[in-house]
Amino acid sequence: MISKVVQDAMNEQINKELYSAYLYLSMSAYFTGANLSGFAHWMRVQGKEEQEHAMKFYDFIHDRGGEVTLKALAQPPADFKSAVAVFQEAFAHEQRVTASIHQLYETAVREKDYPAQVMLQWFINEQVEEEKNAGEIVARLKMVGDHPGALFALDHELAARAGE
Ligand code: FEO
């Protein structure tokens, strides 16, 4: 049986993961509007992954005899200055999610919830990957600078991301 403390923290995390999905969908819409369909695709796939993250918590709470409570989602930003600004925001967002996962892990340790600790290890590893992916694209967009040819090449590359 899951403790109320861990259950409440995981319900908060469901909201954060679903907000991530919403944020990345908004970023995808921005890229579609900017005629960068590869970036739009990458963000759309990312948003779908975030929904899957939310569902991992959703299922875990139910599997442990707990109660899922879905909370209101905040409105994500829709106006971005540039492709690099979008990915800088995505990178900063992932850093916040990482901090949240680490806090959740600390809660599971305090509560002596061993199954939650094992489950959260997947997320700890996943966040390393999430930060790496967003950080790499920020670095590459900085190299692209004001060169449309290089931007289109990167757009073409990101269009190949599996998913959707
Ligand atoms: Fe679910 Fe991007 O972390």
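When a residue number appears, it is its place in the shown sequence, counting from 1. In each ligand, atom 1 is the first atom listed, and ligand 1 is the first ligand listed. These numbers were taken from a predicted model, which means no experiment stands behind them.
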If I consider every N, O or S atom in [X], which one ends up closest to atom 2 (Fe) of ligand 1? I only need its name.
X      : result
Glu130 : OE2
Glu50  : OE2
Glu94  : OE2

**Report entry** Contact summary for Leu151 and Ala83, nearest pair of heavy atoms
**Finding:**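 Scanning both residues, the minimum pair turns out to be CD1-CB, 4.5 Å.
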
Query raised in the report: Which pair of non-hydrogen atoms, one from Gln117 and one from Ala108, has the smallest distance, and what is that distance?
Result: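 Heavy atoms of Gln117 and Ala108 come nearest at NE2-O, 3.2 Å.
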
Query raised in the report: Do you see an N/O/S atom of Glu17, backbone or side chain, under 2.8 Å from atom 1 (Fe) of ligand 1?
Result: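 Yes, Glu17 qualifies, because one of its backbone or side-chain N, O or S atoms lies under 2.8 Å.
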
Query raised in the report: Would Tyr58 and His62 count as a close aromatic pair, with their ring centres under 6.0 Å?
Result: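 Yes, they do, as the ring centres are separated by less than 6.0 Å.
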
Query raised in the report: Below 6.0 angstrom between ring centroids: does that apply to Phe60 and Trp122?
Result: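 Aromatic pair excluded; centres sit 6.0 Å or further apart.
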
Query raised in the report: Of all N, O or S atoms in His53, which has the smallest distance to atom 1 (Fe) of ligand 1?
Result: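 Result for His53 and atom 1 (Fe) of ligand 1: ND1.
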
Query raised in the report: Any chance the side chains of Arg161 and Gln46 put a donor and an acceptor closer than 3.5 Å?
Result: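 There is such a pair between these side chains.
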
